[in-house]
Structures are given as structure tokens and as C-alpha cells.
Amino acid sequence: MTSDATPVKTILSVRDLSIDAQAADGSPIHLVQNVSFDVYEHEVLGLVGESGSGKSLTMLAVLGLLGSGLRIVSGSIRLRGQELTTLSFAELQKVRGKAVSIIFQDPLTTLNPVLRIGAQIAEAVRLHNPGKSKAEVHARVIELLTLVGIPNPERRFSQYPNEFSGGMRQRVVIAMAMANEPDLLIADEPTTALDVTIQAQVMQVLAEVRARTGAAMVLITHDLGLVSEYADRLAVMYSGRIVEQAPGEQLFNDPRHPYTAGLIASLPQITHKVAALYSIPGFVPDPRKRPSGCPFHPRCAIGQNRPQCSGTNPVLHSTDAHRAVACHFPEETPAWLSDQRAADAVPAEMGPAGSEENGKVVLSVKNLQKVFHVGGGFFRSHKLHALRDISFDLTAGKTLGIVGESGCGKSTLARVLLRLADASGGDVYLNGSPFFSLRGNALRQRRRDLQVVFQDPYSSLDPRMKIHDVIAEPLRIAGNYSSRRVDELLEYVGLTPEAGQRRSPEFSGGQRQRIAIARSLALNPDVLILDEAVSALDVSIQAQVINLLMTLQKEMGLTYVFISHDLSVVRHICDDVVVMYLGRVVEEGPTDAVFDSPSHPYTRALLAAIPQIGGKSNAEGLIAKGELPNPMNPPSGCTFRTRCPLAAPICAEKEPALSGHGLPDHRAACHFAQA
């Protein structure tokens with residue numbers, strides 16, 4: 001954190017940076033326009049905004065990594081006073097990894113799968129230290145692995161990336177980025193693919209490493225909670241421009257640009273439910289077709305119908321010593337945000353969605369088991385208990401949330417329910433009839449009642465097919481295709497029939513997820529399984545899709561199984577919640593009861609790890625340490641005991657039963673459960 005009383009050094013200074021691409025007719029496409037900001041010694045600058053706003057492109061320009069067809073047309077980028085825009089490729093290679101490093105979003109694509117971890121980190125060390133001996137490089141790699149909190153670094157040195165969990169792989173990427181103690185670290189969505197507990201651990205590692213090396217950091221993310229908790233200052237980008245800059249606490253408590261306020265208003269709250277999330281209408285404009293005046297004005301609740309907003313693009317101007325905003329009417333934003341929050345509040349007497357249903361059980365799961373036989377050949381295979389004694393009932397019109405870290409069994413449960421994987425034991429009843437015993441045509445007919453929406457809207461849709469045909473495919477297979485039915489489904493999800501004549505690459509991520517939802521509804525299912533269906537979306541688009549799901553549930557009587565690691569979204573959309581750990585249910589109950597009075601230490605750890613808007617949380621001692629144990633060799637007794645702050649000898653001796661602790665239907669599997 002910078003201080004007014006202490007002179008600070010500027011690590012990175014970007015001035016009037018503009019980046020263009022070239023259209024097919026040779027005309028320029030302005031992707032980034034006149035972006036200016038500074039990053040100071042020891043501080044974290046958060047760079048936020050929706051996809052397509054120019055965040056990553058700006059920082060790739062800093063690194064000299066712009067793709068072919070992109071070029072810097074004007075502006076200056078100075079790193080500790082050295083101008084980077086005039087350096088040759090060879091000169092930039094000496095800067096990258098030494099003075100400035102980057103942590104990319106997906107460690108799986110960052111790391112080479114056929115090279116050992118130690119060799120990959122050693123390469124980063126040797127590149128800028130050619131005079132180091134093999135022993136010195138090895139010692140430095142071990143030091144870096146220790147620095148980022150990887151246990152048994154000597155053994156891990158020789159392992160491959162596939163032998164590491166997602167959180168551990170990201171630690172390896174951090175070790176590579178910090179190998180030469182850079183002055184500036186760029187973290188581009190470093191925790192997007194991670195669970196909240198692992199995210200908290202990774203961010204803690206970054207903070208500890210930066211404290212030891214003194215590196216400044218630019219944190220690029222769409223997770224407003226993350227930047228609120230970890231960034232000193234924020235820059236908000238929209239359509240290739242910075243529209244607001246301010247210290248983090250000031251920006252979240254008193255935003256002045258309507259776009260910033262809209263992003264904040266779109267966030268689901270972990271503390272309570274609202275009737276409907278605010279969602280910024282529309283999408284980030286195509287840079288080839290930006291509107292006149294302020295590019296945000298067609299989506300803006302304040303400037304939408306004002307001639308000044310549609311006629312003049314506001315410049316970024318200082319409003320006080322520490323903040324700047326590009327808006328004609330910034331003084332009106334706080335009142336709008338306050339009114340929006342008041343309008344969205346749910347009265348206490350209102351019940352959850354679907355409370356008017358008659359209580360009919362649509363999906364009943366009884367003692368579900370799934371065992372994988374892993375490795376060792378036919379005679380020495382090892383058993384992995386992915387699901388252990390899972391039971392729940394889901395009534396019509398309700399939403400059941402399934403939460404837990406990666407590896408807890410959430411997606412395996414979805415695959416077994418969909419019969420994409422065979423169960424090892426237990427039964428599932430769909431509308432009162434056994435589901436697992438069905439075969440052939442009977443199974444195909446019944447499968448219509450159980451559909452799924454997957455996480456990634458980009459890989460869920462065939463890019464070669466027109467959207468009309470994508471949605472029509474299940475109707476054709478079932479023998480009841482109707483063009484009118486496809487148009488009706490498109491309208492259900494907020495798209496026009498004309499959209500059916502386009503292909504998926506022409507749509508944004510949020511629109512693609514709407515199309516995936518429309519396809520899943522084609523056969524009028526009773527139950528929809530949503531497997532991380534909104535986790536890959538920007539916060540404003542996420543709010544639109546969540547509101548759509550809740551509207552469809554109310555209008556069509558749908559029943560949802562909602563799998564997610566985002567507990568704020570689960571709080572908003574789910575009536576009941578099941579918390580899973582290493583294949584077992586450790587807590588279940590009504591969502592409000594579980595979130596307001598969590599009984600299991602693991603549930604409390606998940607809630608404590610959620611970044612809080614408005615500053616750092618004080619729940620650090622509750623956050624689970626370490627990662628999930630090896631499911632091939634789980635701990636004795638309570639499987640959570642190796643990470644639990646309450647662990648006692650009895651936890652190692654006896655596995656606790658899932659039992660009630662005071663409130664109706666609220667059960668937990670813990671020897672020390674809190675009522």
C-alpha cells in the first residue's frame with residue numbers, strides 16, 4: 001500500500017497507449033485507446049472489466065507479446081524509466097522474465113506436460129543467469145519450490161505437471177515467474193480456475209513472495225471480490241479505455257462511473273438473497289462498431305437518453321488527488337447504486353423460489369456409490385471411492401446446490417446421475433421410477449427428463465452448425481422437430497429467431513450459454529443439471545444468465561441440480577445445499593441454515609475463503625490449510641481432519657456419521673458440529 005508521507009518509486013508508467021488491429025478492408029480497428037496508468041513500488045494495481053475491455057491486451061503490450069496483426073500505434077511504456085516500445089525483440093527477451101514476469105490463467109497450458117517441473121523452472125533461471133552452475137540452478141529451483149509452499153521440493157523436482165493438483169501447478173507457475181525476482185509481476189486471472197480455498201492459498205503465496213522480493217503486481221481479473229481484498233488501487237476498463245481509477249476501498253465504497261457501479265451491483269451476495277440480480281443490459285460493443293459519444297451510454301442507466309452522453313466521449317479527468325473518472329455525470333452514480341440496492345432487496349417474508357410447489361419428489365438419490373479401479377493392471381488395481389453413500393431428495397421447482405473443492409466428487413455425481421458413468425452401488429429414482437435399471441429405448445425415452453448444461457459455452461456448441469440446427473438436434477432425434485419450437489426456445493432465453501441462422505463463433509460467451517440452455521430445454525426436461533454453468537462468465541453476464549435460470553424455473557416449473565464452487569451464486573439461486581468432501585456429504589440442509597449457521601469446519605472454511613467486497617476478511621484462521629488428501633489413500637476416520645483446526649484424536653479413530661444438529665433437515669458429519 002502506498003503512503004502519502006513516503007515517497008514511492010514508479011515501477012511501470014504507461015502513457016496514452018493505443019493498440020490497433022487491421023480490418024479486412026485495411027481500415028484500423030481501435031482496440032485500446034489512450035490508456036494511461038502507473039504502478040508503484042510494492043503495490044498491487046487491480047485491472048478489472050468485462051471480457052473484451054482490453055485488460056489482457058494492454059498488459060501483453062507491456063510484455064511485448066502482441067500477436068500478429070496487432071500493433072502499438074502511439075504511447076509510451078516505461079519500466080523503471082526504460083522505454084519498452086522502442087526495444088528490439090532480442091532486447092525485450094532480456095527484460096521478460098527478468099524485470100517483468102507474467103502468471104497466466106491456466107497452469108495446464110502454461111506448463112509443458114512432457115518436461116519435469118524442475119527442468120521447467122531451471123530453464124527460467126538459466127535463461128537470465130547463464131553463468132550459474134548446474135548445482136546452483138538446482139539449489140535455486142529447490143529454494144523457489146520451498147518459497148511458494150510446495151512440500152517435499154526435492155521429490156517434486158522430478159515430477160511432471162500431471163502429478164500436481166491445479167493449485168500446486170499454479171504455485172509452480174508462480175515459482176517460474178519469480179525465478180529472477182522481477183520488479184513487476186503481471187497476474188492474468190491467476191485464480192479463475194481454482195476453488196475458493198486454493199485461491200486463498202495461492203493469493204497468500206503471492207503476497208508472501210512479493211513481500212520477500214519487493215515486486216509490484218498488476219492483478220487482471222473479473223473477480224471483484226478478489227481485487228477488493230488484495231489490490232491497493234483499481235483501474236476499471238471498458239471498451240479499450242480506462243473509465244475509472246481509485247484506491248480500492250474508495251472505489252468499492254463510493255464508485256463514480258456507472259459501469260463500475262453496475263459491476264458491483266451485479267454481484268450476488270454471500271450474506272443474503274435478492275429477488276433478482278442487477279445485470280448491465282447488452283454487451284461490450286464490437287470495437288468495429290462502437291457507439292458515438294461515451295461507448296457505455298447505450299447500456300448506462302444514467303446516460304442512456306442524454307444527448308451529452310451520446311454525443312461526446314468523456315475524457316478521464318481527476319476528481320481528487322487519488323481518483324479519476326471518465327463520465328459526464330459522476331456525481332449521480334452513488335445515488336443510483338443506493339437506489340438499485342434498495343430496489344433489489346428481498347423482503348424477509350418472501351420465501352425462496354419454488355416454495356409454492358406441491359412437494360413432489362422429482363429426483364431421489366439413495367446410497368449412491370462410485371468406485372474407480374485405477375492403475376496396477378488387472379491383479380493390482382487400486383480403488384478410488386469417488387462417491388460414498390450419497391443420498392438426497394429433490395422436490396419439483398426447487399434448486400439443490402452441490403458445493404465443494406475440485407476433487408470432492410461434484411462432477412462425478414453429475415456424470416453418474418446422467419448415466420455417463422455407471423454407479424457402483426445405490427439407486428436413483430426419476431419421478432418415482434428406477435432410473436439405473438432402464439436399458440435401450442426405455443432409457444432413451446426417460447433421459448429426456450434429465451438434461452445438462454456444461455461449464456464451457458465455447459466447447460459445448462458445434463461451431464460448424466447453425467444455432468437453429470444445434471437446438472433442433474435433440475428434437476430431430478426424438479422425432480418431433482418443429483421450426484416454431486426452436487424459435488420459441490430462442491425467445492425463452494432472450495434471443496431472436498434470426499439468431500438461429502448464425503453460428504456459435506459469432507456469439508459472446510453469455511449468449512452461447514443461453515443457447516446451451518435453450519438446447520437443454522428442447523425436450524421439456526423435469527430436471528436440469530447445471531455443472532459450473534456460470535463460472536466462466538463475467539460478473540455482469542453471469543447475473544443475466546442467473547436471472548434467466550430463475551425466470552425459467554418460475555415459468556416452466558424446472559428443477560435444478562446446481563453444481564458450483566462459487567458460494568455467493570449458490571446462496572442466491574439454491575433452496576438447499578449439499579457440501580461434499582472426498583466423495584462424501586459432510587453437511588446438508590436449507591441454504592440459509594447452512595450459510596448462516598455452518599455446522600461443519602469444512603463449510604466454515606469454504607465460506608471464510610470467499611473474498612469480501614470492501615476489504616480484507618478477518619477469517620484467516622478458519623481457512624482450510626493444504627489441499628485435498630490423495631483420494632487413493634484418504635486419512636483414517638474423518639477425512640477432513642488433516643486440514644481441520646478442530647481435529648482431535650477421536651477424528652482419526654472414527655468417521656463421524658451424518659446427523660442432525662439442532663435445526664430441522666440440517667445435518668453435518670462432524671464430531672464437534674456446531675448447532
* Report yes or no: does Asp183 contribute a side-chain atom to a donor-acceptor pair with the main-chain N or O of Ala215 at less than 3.5 Å? => no
* Structure fact -> Here the gap from Ile186 atom CD1 to Leu45 atom CG, rounded to the nearest 0.5 Å, amounts to 10.5 Å
* Cut-off 3.5 Å, side chains only: do His322 and Gln250 have a donor facing an acceptor? -> no
* Please answer whether the main-chain N or O of Gly75 pairs with a side-chain N or O of Arg15 as donor and acceptor at a distance below 3.5 Å. => no
* To do: Take Gln33 and Arg290 through the side-chain contact (heavy atoms from CB on, under 4.5 Å) test and state the conclusion after the steps.
  => CA-CA 12 Å; Gln33 303 177 83; Arg290 283 193 180 95; 3.3 Å; yes
* Side-chain heavy atoms of Tyr40 within contact of Leu12, under 4.5 Å -> no
* Asked: Is there a side-chain contact between Ile517 and Leu549 (heavy atoms, below 4.5 Å)?
  -> yes
* Taking Lys55 for the side chain and Gly49 for the main chain, is one N or O donor matched with an acceptor at less than 3.5 Å? -> yes
* Look at atom CZ of Arg80 and say whether more than 12 heavy atoms of other residues, nucleotides or ligands are closer to it than 6.0 Å. => yes
* So, Gln245 side chain and Ser36 main chain: donor-acceptor pair closer than 3.5 Å or not? -> yes
* To do: Could you check Val48 against Met237 for side-chain contact (heavy atoms from CB on, under 4.5 Å), going step by step and ending with a plain yes or no?
  => CA-CA 6 Å; Val48 301; Met237 290 192 71; over 6 Å; no
* To do: Heavy atoms only: give me the nearest Ser597-His666 pair and the separation to one decimal.
  => O-CE1, 3.1 Å
* To do: Please answer whether the main-chain N or O of Leu226 pairs with a side-chain N or O of Asp223 as donor and acceptor at a distance below 3.5 Å.
  => yes
* Asked: Short question: side chain of Ser338, backbone of Pro334 - any donor-acceptor pair under 3.5 Å?
  -> no
* Please step through side chain to side chain donor-acceptor pair (under 3.5 Å) for the pair Glu50 and Tyr259, ending with a clear verdict. => CA-CA 10 Å; Glu50 293 169 287; Tyr259 178 58; 3.0 Å; yes
* To do: Measure across Ala533 and Gln513 and return the closest heavy-atom pair with its distance rounded to 0.1 Å.
  => O-NE2, 2.5 Å
* Structure fact -> Value for CG (Asp16) from CG (Asn34), rounded to nearest 0.5 Å, stands at 5.5 Å
* To do: Could you give me the CA-CA distance, side-chain angles and deciding distance for Phe329 and Trp336, then say whether ring-ring contact (aromatic ring centres under 6.0 Å, His included) is met?
  => CA-CA 11 Å; Phe329 305 101; Trp336 175 86; over 10 Å; no
* **Check against salt bridge (charged side-chain N to carboxylate O under 4.0 Å, His left out), Glu332 and Arg306** => CA-CA 13 Å; Glu332 297 183 24; Arg306 284 175 146 156; 2.9 Å; yes
* Asked: Can you list the steps and then say if Asp538 with Ser51 is a side chain to side chain donor-acceptor pair (under 3.5 Å)?
  -> CA-CA 7 Å; Asp538 293 318; Ser51 297; 3.0 Å; yes
* **Any donor-acceptor pair under 3.5 Å from Thr591 side chain to Asp575 backbone** => yes
* Check step by step if side-chain contact (heavy atoms from CB on, under 4.5 Å) holds for Val569 and Phe562. => CA-CA 10 Å; Val569 174; Phe562 191 84; 3.5 Å; yes
* Identify which one of Ser411, Ser535, Ser564 satisfies the side-chain contact (heavy atoms from CB on, under 4.5 Å) criterion when paired with Gln455. => Ser535
* To do: Taking the side chain as every heavy atom from C-beta outward, state whether Ser279 and Ser540 have any atom pair closer than 4.5 Å.
  => no
* Nearest non-hydrogen partners of Leu607 and Pro598, listed with the distance -> CD1-CG, 3.9 Å
* Structure fact -> Output for pair (Leu84 CG, Arg96 CZ), nearest 0.5 Å, gives 10.0 Å
* **Stepwise side chain to side chain donor-acceptor pair (under 3.5 Å) test for Arg256 and Thr319** => CA-CA 10 Å; Arg256 289 308 173 97; Thr319 56; over 6 Å; no
* Nearest atoms (heavy-atom pairs only) where Ile280 meets Gly262 -> CD1-C, 3.8 Å
* **Shortest non-hydrogen contact from Asn547 toward His572** => OD1-NE2, 4.5 Å
* Asked: Within a strict 4.5 Å, meaning less than it, do heavy atoms of the Ile402 and Met580 side chains meet?
  -> yes
* Asked: Do Leu267 and Ser568 come close enough that some side-chain heavy atom pair is under 4.5 Å?
  -> no
* Asked: So which heavy atom on Ala326 is nearest to which on Pro314, and how close?
  -> O-CG, 3.6 Å
* Structure fact -> Rounded to the nearest 0.5 angstrom, the CD1-CG distance for Ile563 and Leu530 is 8.5 Å
* **Contact check, side chains of Phe37 and Thr58, non-hydrogen atoms, under 4.5 Å** => yes
* **Residue among Thr333, Asp254, Leu251 satisfying side-chain contact (heavy atoms from CB on, under 4.5 Å) with Thr260** => Leu251
* **side-chain contact (heavy atoms from CB on, under 4.5 Å) partner of Leu206, the single match among Gln170, Met217, Arg171, Met178** => Met217
* Asked: Would you call Arg643 and Glu405 a salt bridge, taking side-chain N to carboxylate O under 4.0 Å as the test?
  -> yes
* side-chain contact (heavy atoms from CB on, under 4.5 Å) between Val243 and Cys327, worked out -> CA-CA 7 Å; Val243 296; Cys327 180; over 6 Å; no
* Do Pro182 and Val100 touch side chain to side chain, with heavy atoms closer than 4.5 Å? -> no
* Asked: Are the side chain of His317 and the backbone of Val325 linked by a donor-acceptor contact shorter than 3.5 Å?
  -> yes
* Run the salt-bridge test on Lys410 and Asp531 with the 4.0 Å N-O cut-off and return the result as yes or no. => no
* To do: Name all residues meeting the ring pair (Phe, Tyr, Trp, His ring centres under 6.0 Å) criterion together with Tyr560; count only those two or more places apart in sequence or in a different chain, and write none if there are none.
  => none
* Side-chain (Gln304) to main-chain (Pro298) donor-acceptor, under 3.5 angstrom -> yes
* Asked: Is the closest side-chain donor-acceptor distance between Thr10 and Asp38 under 3.5 Å?
  -> no
* **Gap separating the CD1 atom of Ile610 from the CG atom of Asp566, nearest 0.5 angstrom** => 7.5 Å
* Asked: Roughly how far, to the nearest 0.5 Å, is CD of Glu43 from CD1 of Ile11?
  -> 9.5 Å
* Pick one: which of Leu57, Ile242, Ile72 meets side-chain contact (heavy atoms from CB on, under 4.5 Å) with Val32? -> Leu57
* To do: Show the numbers, then the answer: is there a side chain to side chain donor-acceptor pair (under 3.5 Å) between Thr213 and Glu181?
  => CA-CA 6 Å; Thr213 64; Glu181 300 191 353; over 6 Å; no
* To do: For the residue pair Pro285 and Pro291, establish whether any side-chain heavy-atom pair is separated by less than 4.5 Å.
  => yes
* Using 30° and 60° as the class limits, which term best fits the ring planes of His257 and Phe296: parallel, tilted or perpendicular? -> tilted
* Counting N and O atoms only, with roles assigned by atom type, does the side chain of Glu208 sit under 3.5 Å from a partner on the main chain of Val205, one being a donor and the other an acceptor? -> no
